[in-house]
Structures are given as C-alpha cells and as structure tokens.
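Report on the structure given below.
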Amino acid sequence: MNFVEELRWRGMIHDIMPGTEEHLLKETTSAYVGIDPTADSLHIGHLVSIMMLKHFQLCGHIPIALVGGATGMIGDPSGKSEERVLLAEDTLRHNQECIKKQLLRFLDFDSRINPAIMVNNYDWMKDFSFLSFLREVGKHLTVNYMMAKDSVQKRLETGLSFTEFTYQLVQGYDFLHLYEHHHCRLQMGGSDQWGNIVTGTELIRRKTGGTAYALTCPLITKADGGKFGKTEEGNVWLDPARTSPYRFYQFWLNCTDEDAAKYIKIFSLYTKEETDAMLAEHQAAPHLRVLQKALAKDITVRVHSEQDHQQAVSASEILFGKGTEEALKSLPEAMLLSVFEGVPQCDVSRDLITAGIPLIDFLSEITEIFPSKGEARRMLKDGGILLNKQKVSDENLLISAAHLLIGRYILVQKGKKNYYLVTAK
RNA sequence: GGGGAGAUACCAGAGCGGUCAAAUGGGGCAGACUGUAAAUCUGUUGGCGCAGCCUUCGGAGGUUCGAAUCCUCCUCUCCCCA
C-alpha cells in the first residue's frame, strides 16, 4: 500500500517535501511525530498525527512516537502568542506514562516485522551540555535562517525568549538523532510544524549530507470556523475519566454533515470504497446520519471498546430517540443507570424531595445544574427545561416524590442535549 | 531617561457628571423549523426575596446631592524620542 497515496485521498496532506513518496516506496523507513506531554491524557487533537502513524505502520513502515519530554520543558512558539509556562520534570514523566498506555490502542508495539517505537527526547537531551549543543547543532544553522521562520516572525512583535527561539534547534536535533539511531527519514506533524520539521531536515543535510523528508497535514477545522475538539466542557479527551465514552461518542455523532465527511477519512480506517459508499448513502438519506454514526462507532470502539460503544448507542437512543416519559418509566433500574453512566449526576436528600422543593431552587442551589436562579428562570421561560422528558413551564412547580422514577431518580434536561441524573439519597 | 495614548462585561468596542447593569458587533446558551446537520428567524447573556434592591467599568483614595465619566497616587499595556 502506498502511504502517501493513502493520506492523499484522505485529505491528510497539507505539505510534502519532494521525493518523499519515492523514498517511501523504495524502502522500509521509519517516521516520527512529536507529542507534547502537557497533560496526562491525549485529546482528540492529537489523533490526527496518531492516525498518520497508524497508516504509516499499516503501510509496512515503522512509526515512532516521540514524547517531547525535553521540548515540552521549553515550549514551542508555533501558534502561540505568548510565552509558555514550563512544566516540571516529574509532571512530564507522569504524563508520558499515561500517554503511552493510550498509544497502545492505536499502534502495534509487538509486531515482529515493523513494531512501533516510543522514544522520549529527554533521554538524549538531558545530558547534552550547553557547549556541546552549541558546537554540534548551533554551528550548522544561521540565525538568519532561524529568524525567517514564520513561527518566529509572528512573535517578533510581542517578543519571544531565547529559550523559545531555540526550540526549533532542539526539535531539529531530535530529528537528527532519530535519523542516526533509528533510521528515521521522515517527520510528520500538523501544518504549523512545517518550519520546525524543515529545520530538522536542513540540519541533517548540513551535518550528515543525508536526505530527510517532511510531511504535514492540514490543521483540522470545523465548518463553522470554531476550534476543533473543543466543547463547552473543554477538550475532548481519550481518558474516560476526563471525557466519558458516552460524551466521546456524542461528540462525533454531533458533527455537521460537512465535518463528518471530512473527519471520517481522517479519523477512521474505512477504505476508500467503504467511505465512498457511505458518502453516497448519506447524500441519499442525510437524516439517517450514516456518516456520523459510522465515524462515531469506528473511533469510539478504537479508543474505548465495543461495549462502551454499545452503551453509548443505547443511551443515545433512549435520550434522543422517540423516548417518552412512559418509555423512561418502564426502564429497569440497571438499564437506566448504565444509560446514564456518562451523564452528570448529583444526589439530593430524599427528605428534601419528600418535603417538596420549589423547581427553581431545585435547579440551581440544590443540584447546581444552573449557576444561578436567574439563569434557571430564563431557561424555564425559554422552554428549555424538561423533567423526565416532559417539558415544564410552571415556575412554582414543587419537586416531590411523585417525580421520582423507580422511586429514586429524576432526569433533568437543560435544552435538547444536556442531561443530568438526580438521585434521591 | 523624556514625551504621548490607553486599561469598560466572554471577546472586540461605544459611552466621557445624572435618563448606565452600561450602545453595537461577535461568541455562548435556549426556542421555532429540522435530521442530535447546515442556513434562517426569535429570545437571552451580573446577582437576588426581580415594577425594587445589591455588586460591577485596571487598583486605592478624593471632589460632588450624584462618578464608568472629574482630580490625586499606584499598577500594567502600547507608541514615539534618547
């Protein structure tokens, strides 16, 4: 399978250095992408580069995941308007461990032919003395060359520290190191990494006379111009403790048609034929949202599990399907709990409920679903509040035992998509 | 070191003694229409015991019956000169 060809139809190539494709066809090579260990979990923004590695491995090459223990301590100025906060070493170490576990779900580290490799640039940078660095790396590139980088230019107005300015050399040296020790000939990354990657290939050329390649993918955007991978709650994480499988699944299911068509090529492994078929099917009957479902399934199963996907689907069906109050009431407790596993929950004292709680107090002070009573009232006025799937409009309504499902639960909806499960304790 | 401009709600940005909880745009949230889509339209966007009250316009004081608006000091940002 032709790696470049594969990425090309998936729309995952933004820029590619001439000769890359030919080189990859000629011999088995290794390529790397860098991952900043700024948190103890990856989020879906990382997924693009990970999918590039995945395809790379599927095409018979060797993928290298480089955890930026060293570079993470410096901070990449690319795409940042301000100087970055530096991370402490032990935090970085912890994050690296967690990230590695997540990578295992994507890459095959045990293959006998082309096992994936994980490295940490801290290991070769930590004992690199300043003087050696200047002599071995700094000597080969001019300040003029470094200044010309877009990432540097953009920061000239507001200023950037020497540390950040040097970042590209450190990243460049990573490439050189992998070139020499792991037969790495290619670095991939987001399009904002182009400048840094090219510094690496340049360094390799000047220092060893060898040739290395670069390939970047477009930054993922949303059709409405918003930031990809962000929701109201923030990042969409791979760690189920940070983003529940249900929410994770919902994120993908909720994509607009336009985005789904783009994402399915990038984030799933469906073949070109399968994808084309789904695109056609979707065009014919868009309301079935074949694309969103297929996308959500593929990626939820890969990141979490088949079972998590099943649960997310059944939860979604109950929450968004034709589910009525009757259907909800007839749900067995175990089912109800599993459906709402990924939904925010809170407990309320049973005595309070038996005594009766004014609706507004219940929504704000008691459950903290709303940060203020005013907001709860507003939403109520807009008709955005549902109890057990029933729209409520009476501000003076008293929440009482009569509202409890199976004698224990109350399902509160804020708008169409936000659910809260309240349990009487 | 010298001179100038500025700091307003999530962001941008009006207001320059009372009618200002603060124009307008963007964003957010919700409603209608739909397909948990897009587009469009509508509402809403400091708190509360909500025809009223309380806390907000970089910070601290002051003038005034009354300050986002005037004065003093402080902090920070930007621009020009050295």
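Note on naming: letters A, B, ... go to the chains in the order of the sequence lines (proteins, then strands), and numbering restarts at 1 for each one.
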TODO: Answer yes or no: is there an ion pair linking A/Arg8 with A/Glu21, defined by an N-O contact shorter than 4.0 Å?
DONE: yes
- Task: Would you please confirm or rule out a distance under 4.0 Å between OP1 or OP2 of B/G49 and any side-chain N or O of A/Lys373?
- Result: yes
Do A/Asp40 and A/Asn95 pair up side chain to side chain, a donor and an acceptor below 3.5 Å, judged on atom types alone? no
If you measure from the C1' atom in B/U64 to the same atom in B/A9, how many Å do you get, rounded? 27 Å
Any A/Lys381 side-chain nitrogen or oxygen under 4.0 Å from OP1 or OP2 of B/U42 | no
* Using the P atom in both, what is the distance from B/U56 to B/A39, to the nearest Å? -> 40 Å
- Proximity of A/Phe248 and A/Trp237 rings by center, below 6.0 Å: no
Assess the side chains of A/Asp174 and A/Trp124: does a donor N or O sit below 3.5 Å from an acceptor N or O? yes
Quick one: the side chain of A/Gln292 and the base of B/U36, do they pair up donor-acceptor inside 3.5 Å?
-> no
message = Rounding to an integer number of angstrom, what distance separates B/U44 and B/C50 when you compare their C1' atoms?
response = 16 Å
- Item | B/U63 versus B/C71 - spacing of their C1' atoms, nearest Å | 7 Å
- [ ] Considering only atom C1', compute the distance from B/G4 to B/A51 and round it to an integer number of Å.
- [x] 49 Å
- Message: Under a plain distance cut-off of 3.5 Å, with no hydrogens placed, do A/Thr199 and A/Asn196 share a side-chain donor-acceptor pair?
- Response: no
Categorize A/Arg378 for me: base, sugar-phosphate, or nothing, with a 4.0 angstrom heavy-atom threshold over every strand shown.
sugar-phosphate
Between CG of A/Asp257 and C1' of B/A37 the distance, given in whole Å, is 4 Å
Does the gap between the ring centers of A/His55 and A/Phe3 come in under 6.0 Å?
-> no
Here the distance between atom P of B/C50 and atom CD of A/Glu395, to the nearest Å, is 10 Å
Note: contacts of residues 274-288 of chain A with RNA chain B (heavy atom, under 4.0 Å) are A/Pro286, A/His287
request  = Ignoring backbone atoms, test whether A/Lys391 places a side-chain nitrogen or oxygen under 4.0 Å from the OP1 or OP2 oxygen of B/A32.
outcome  = yes
RNA chain B in dot-bracket form (Watson-Crick or G-U pairs under 3.5 Å, [ ] crossing, | inter-strand) is ((((((((.[[[..)..(.....]]]((((((.......))))))(((...)))...[[[[[..)....]]]]]))))))).
Taken to the nearest whole Å, CG/A/Leu380 to P/B/C50 is 15 Å
Ignoring backbone atoms, establish whether A/Arg377 has a side-chain N or O less than 4.0 Å from OP1 or OP2 of B/G49.
yes
- Task: Return no unless some side-chain N or O of A/Asn418 is found under 4.0 Å from OP1 or OP2 of B/A30.
- Result: yes
A/Lys389 atom NZ is separated from B/U36 atom P, nearest whole Å, by 11 Å
Roughly how many Å apart are B/C57 and B/G46, using the P atom of each and rounding to a whole number? 15 Å
A/Leu253 has its side chain closest, among B/U36, B/G43, B/A37, to B/U36
Rounding to an integer number of angstrom, what distance separates B/C33 and B/A12 when you compare their C1' atoms?
31 Å
Check the pair A/Arg93, A/Glu97 against salt bridge (Lys or Arg N to Asp or Glu O under 4.0 Å), reporting the backbone distance first and the verdict last.
-> CA-CA 7 Å; A/Arg93 283 290 181 196; A/Glu97 281 312 302; over 6 Å; no
Atom CD1 of A/Ile360 and atom C1' of B/G47 are separated, to the nearest Å, by 15 Å
Here the distance between atom P of B/A39 and atom CG of A/Asp259, to the nearest Å, is 11 Å
Problem set entry | Phosphate-side-chain proximity, A/Ser372 and B/G47, N/O vs OP1/OP2 below 4.0 Å | yes
Comparing nearest nucleotides in RNA chain B, the 5'-proximal residue of the pair A/Lys417, A/Glu375 is A/Lys417
Does the base of B/U34 carry an N or O that pairs as donor and acceptor with the side chain of A/Lys416 under 3.5 Å?
yes
Worksheet item: Which value, in whole Å, describes the distance between the P atoms of nucleotides B/G6 and B/A21?
Response: 25 Å
*Could you check whether the rings of A/Phe267 and A/Tyr263 sit parallel, tilted or perpendicular, using 30° and 60° as the cut-offs?*
perpendicular
Worksheet item: Are a donor atom and an acceptor atom from the side chains of A/Gln171 and A/Gln187 found within less than 3.5 Å of each other?
Response: yes
note: A/Met379, atom CE; B/G43, atom P; distance rounded to Å ~ 16 Å
From CG of A/Leu291 across to P of B/U36 the rounded distance in Å is 16 Å
Check: Taking the six-membered ring for Trp, are A/Tyr409 and A/Phe340 ring centroids under 6.0 Å apart?
Finding: no
Of A/Asp361 and A/Gln250, the one whose closest nucleotide on RNA chain B sits nearer the 5' end is A/Gln250
Between A/Asn114 and A/Ser111, do the side chains contain a donor N or O and an acceptor N or O under 3.5 Å apart?
yes
- Query: So, A/Asn388 versus A/Gln413: side-chain donor-acceptor pair below 3.5 Å or not?
  - Reply: no
